[in-house]
Amino acid sequence: MFDQEKALITAKIRTYLAQEGIRDAQIEFRQIPFSGEWGLAVPLFPIAAGEARSGKKVNVPQRAAALAEGLQAEFDPEALGLSHVEAVKGYLNLYFSTAEYARRVVDTILTEDGDYGRGADKHQTVMVEYSQPNTHKSFHVGHLRNVILGGSVCRILEFAGNEVIRANYLGDIGLHVVKWMWNYLKNHKGEQPGEDKTHWMNEIYAEADRLFQEPENEAEVRALYARWNARDPEIVDLWKTTRQWSLEGFEQIYDLLGEHFDRIYFESEVEDSGSELVEQLIRDGLATDGRREKPVFIDLDAALGTEDEYRVLVILRSDGSSLYATKDLPLAIQKFEEYDLDRSIYVIDVRQSLYLKQIFKTLELLGYDWADKLYHLAYELVNLPGNVTMASREGTVVLFDDLVAEATSRAKQIVESKNPELSQEAKDSIALAVALGALKYTMLSRDNTKVVTFDWDAALDFNGQAAPYIQYAHVRAGSILRKAGSDLPEEASFPADLEKTEVDLIELMTRLPAEVQRAAEDLRPLVIANLAFDLAKGFNDFYNTCQVLNAEPDIRAYRLRLVAAAKQVIATSLNLLGIDAPNIM
RNA sequence: GCCCUCGUAGCUUAAUGGAUAGAGCAACUGCUUGCGGAGCAGUAGGUUGUGCGUUCGAGUCGCACCGAGGGUACCA
């Protein structure tokens with residue numbers, strides 16, 4: 001935002017340093033940590049250290065302090081539109097004119113509106129593959145982290161200036177599907193899914209999984225698997241019908257979560273190309289065909305001359321049936337055939353790190369020059385208290401719909417107490433926004449590499465550092481603007497003696513553009529989650545110390561604009577997390 | 001054995017190599033409303049797992065160790 005000023009300041013510093021016999025110094029700008037007022041800091045440590053390295057005998061901290069003081073004497077603050085300049089502990093601190101800075105920030109936000117913080121078009125196309133559920137099975141809290149993380153990463157990448165293609169990859173074939181069909185034919189023939197399709201699908205699957213433990217049942221399932229492999233038309237039809245139910249169930253969940261996909265891949269659609277690729281790999285001598293005693297595998301360490309690093313990748317079972325690797329290889333190729341991708345990101349949990357490393361390496365060995373554009377975005381699991389892994393087999397799962405129902409019911413109570421006069425419909429929709437916001441924030445406010453321990457009370461605690469607090473700040477801002485009635489003042493000048501809470505709020509708002517870039521660069525929604533909370537806290541501090549509606553006309557005018565700007569930035573940051581910013585709650 | 005990730009306040013967690021390690025829960029004190037609970041203000045809480053190293057400067061980078069979790073050829 002202050003590029004012109006920075007250029008002028010940089011030139012001035014260079015001139016001074018040249019007099020000191022220092023050339024080609026890198027001038028960097030930082031934030032000044034504490035700021036009752038604010039400005040830019042220039043650390044002189046790197047420059048002093050540079051002198052030391054070039055052989056000059058200097059004590060770095062002392063020299064940095066001396067340079068800062070020398071520079072301070074050189075600066076005429078007014079000529080640069082600065083309020084004052086200080087030399088502190090080796091830093092040159094340049095303070096902006098408070099009123100001017102504040103006005104510029106707020107004007108910029110209100111002019112750019114929802115585009116404030118958006119990065120310039122990078123001309124980069126990024127595919128993000130996420131969610132990847134298995135059809136005919138449940139959707140639990142572990143799956144939720146993937147969808148929420150992937151969805152937020154997509155929004156952030158897009159807003160940062162990338163073109164994003166959202167991809168999903170569904171496990172629509174395999175033993176789990178056959179088990180499901182077996183149980184359906186045997187115990188549920190003719191039944192239709194109810195309102196909640198995923199829940200219903202999962203009940204049949206869970207039952208099938210239990211019954212499968214019995215040897216005679218297992219034999220029946222295997223027999224059905226053989227019919228499936230022979231593409232028995234009756235079974236294929238059943239598969240198509242039931243898969244569709246699953247898809248519709250997932251669609252319900254994605255709608256609820258506000259997610260959509262541009263391209264959906266199915267395991268079934270890459271199975272054949274996978275088999276062909278395996279044959280090709282054997283012909284090329286890269287893969288070893290050990291059938292029937294052993295599988296088809298690639299000894300990556302042998303191929304690369306590494307030891308215990310890439311291990312062995314099995315690409316086809318000894319009985320000729322396919323594995324994940326059989327299908328992930330052709331899928332990667334297909335993605336690059338269909339799209340001109342600059343990056344291809346896989347949002348998959350951390351346990352598959354080695355596996356993906358092997359897949360990427362294999363594609364490199366196959367000679368695909370885009371292999372270095374593949375990236376595994378690993379995230380840790382969601383566990384239950386006591387470090388219990390969520391596994392449907394053990395029955396230790398928290399199902400998605402149960403969780404949403406509980407969260408919504410708790411949110412409803414809050415809405416009831418705050419706004420009893422609203423219509424039931426309005427209450428329901430607000431409760432849902434609050435409930436989903438709370439769940440999403442719980443998932444996104446932890447670093448990707450950290451295990452989330454799912455605790456009902458913590459996830460549903462709407463106080464403190466949680467989405468409802470942020471949403472509430474947005475509502476309060478909206479309420480002030482609504483009560484102010486007529487249109488927002490088109491312009492307003494800011495006074496020099498702004499309250500500290502006003503200054504702090506404005507500074508937080510200036511951080512959005514840079515934080516968006518950082519979040520996109522590191523694929524870390526956490527960065528935005530933190531900023532959203534800080535903004536809400538900043539706004540509440542402002543709200544508690546500054547009157548808006550009852551203030552003098554001049555003050556009222558600029559504060560109304562400040563409130564509108566804060567509302568905008570909070571809404572944008574929530575949007576990047578996939579969280580609704582309601583106007584009433 | 002080897003590889004990856006994590007270790008920060010009682011708990012959950014933040015911190016582009018830069019200034020006094022920042023929050024939220026829980027705790028404690030006070031105020032308001034009121035006792036089937038909430039809001040606000042404040043207080044307290046830290047040898048950043050341990051030890052070396054790189055650096056003017058390390059929670060952050062490197063190495064080693066300790067601890068937890070995960071992975072390591074036909075599971076996903």
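Everything numeric here is computed off the predicted structure, so don't read it as measured data. To find a chain, count down the sequence lines: A is the first, B the second, and so on, and within it residues start at 1.
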Discussion item. Using the ring pair (Phe, Tyr, Trp, His ring centres under 6.0 Å) definition, which of the options A:Y130, A:Y379, A:F360 pairs with A:Y346?
Written reply: A:F360

Each nucleotide N or O in nucleotides 38-42 of chain B that has a protein N or O under 3.5 Å away: list the pair and distance.
residue, atom, partner, partner atom, Å
B:G39, OP1, A:N463, OD1, 3.0

Worksheet item: Between atom CG in A:L170 and atom P in B:A76, what is the gap in whole Å?
Response: 16 Å

Discussion item. OP1 or OP2 of B:G24 versus the side-chain N and O atoms of A:K537: is any pair under 4.0 Å?
Written reply: yes

Discussion item. Under 3.5 Å, is there a donor on one side chain and an acceptor on the other for A:Y469 and A:N540?
Written reply: yes

Worksheet item: Base, sugar-phosphate alone, or nothing: which one does A:R524 contact when heavy atoms must sit under 4.0 Å apart?
Response: sugar-phosphate

Fill in: Side-chain ion pair, A:D209 and A:K179, N-O less than 4.0 Å
yes

Discussion item. Between B:G57 and A:F45, is there a base-stacking contact, meaning the centre of the base's six-membered ring lies under 5.5 Å from the residue's ring centre while the planes stay under 30° apart?
Written reply: no

Discussion item. Any donor-acceptor pair, under 3.5 Å, between the side chain of A:S353 and the base of B:C4, if you only look at N and O atoms?
Written reply: no

Worksheet entry | Spacing of A:R511 atom CZ relative to B:A14 atom C1', expressed in whole Å | 12 Å

Worksheet item: Heavy atoms under 4.0 Å, any strand shown: does A:Y324 hit a base, just sugar-phosphate, or nothing?
Response: sugar-phosphate

Practice prompt. Could you check how far CG of A:L531 sits from P of B:A14, rounded to whole Å?
Written response: 16 Å

Practice prompt. Tell me yes or no: between the side chains of A:K357 and A:Q352, is some donor less than 3.5 Å from an acceptor?
Written response: no

Fill in: Phosphate OP1/OP2 of B:A14: any A:R518 side-chain N/O under 4.0 Å
no

Worksheet item: Under a 3.5 Å cut-off for both distances, is B:C40 Watson-Crick or wobble paired, and to whom?
Response: B:G30

Worksheet entry | Between B:C4 (P) and A:E309 (CD): distance, integer Å | 9 Å

Discussion item. Between A:R446 and B:U13, is there a contact of a side-chain N or O with OP1 or OP2 at under 4.0 Å?
Written reply: yes

Worksheet item: Using a cut-off of 4.0 Å on non-hydrogen atoms, how would the nucleic acid contact of A:Q358 be classed: base, sugar-phosphate, or nothing?
Response: nothing

Worksheet item: In the structure shown, which nucleotide is the Watson-Crick or G-U wobble counterpart of B:G62, with both distances under 3.5 Å?
Response: B:C52

N/O-N/O pairs, protein side and nucleotides 59-66 of chain B side, under 3.5 Å:
none

Worksheet entry | Lys/Arg N to Asp/Glu carboxylate O, A:R291 vs A:E279, below 4.0 Å | yes

Fill in: Complementary nucleotide of B:U72, counting Watson-Crick and G-U pairs under 3.5 Å
B:G1

Item to complete: Look at all strands and tell whether A:D308 reaches a base, only sugar-phosphate, or nothing, counting heavy atoms closer than 4.0 Å.
Response: base

Worksheet item: Does the side chain of A:T135 pick up a donor-acceptor pair with the side chain of A:D172 at under 3.5 Å?
Response: no

Worksheet entry | Euclidean distance for P, B:U32 against B:G24 (whole angstrom) | 24 Å

Worksheet entry | Residues A:D447 and A:T449: side-chain donor-acceptor under 3.5 angstrom | no

Worksheet item: So which one's nearest nucleotide on RNA chain B is more toward 5', A:S445 or A:L313?
Response: A:S445

Worksheet item: Below 4.0 angstrom from OP1 or OP2 of B:C74, is there any side-chain N or O of A:R311?
Response: no

Discussion item. Please classify the nucleic acid contact of A:L381 as base, sugar-phosphate, or nothing, using heavy-atom distances under 4.0 Å.
Written reply: nothing

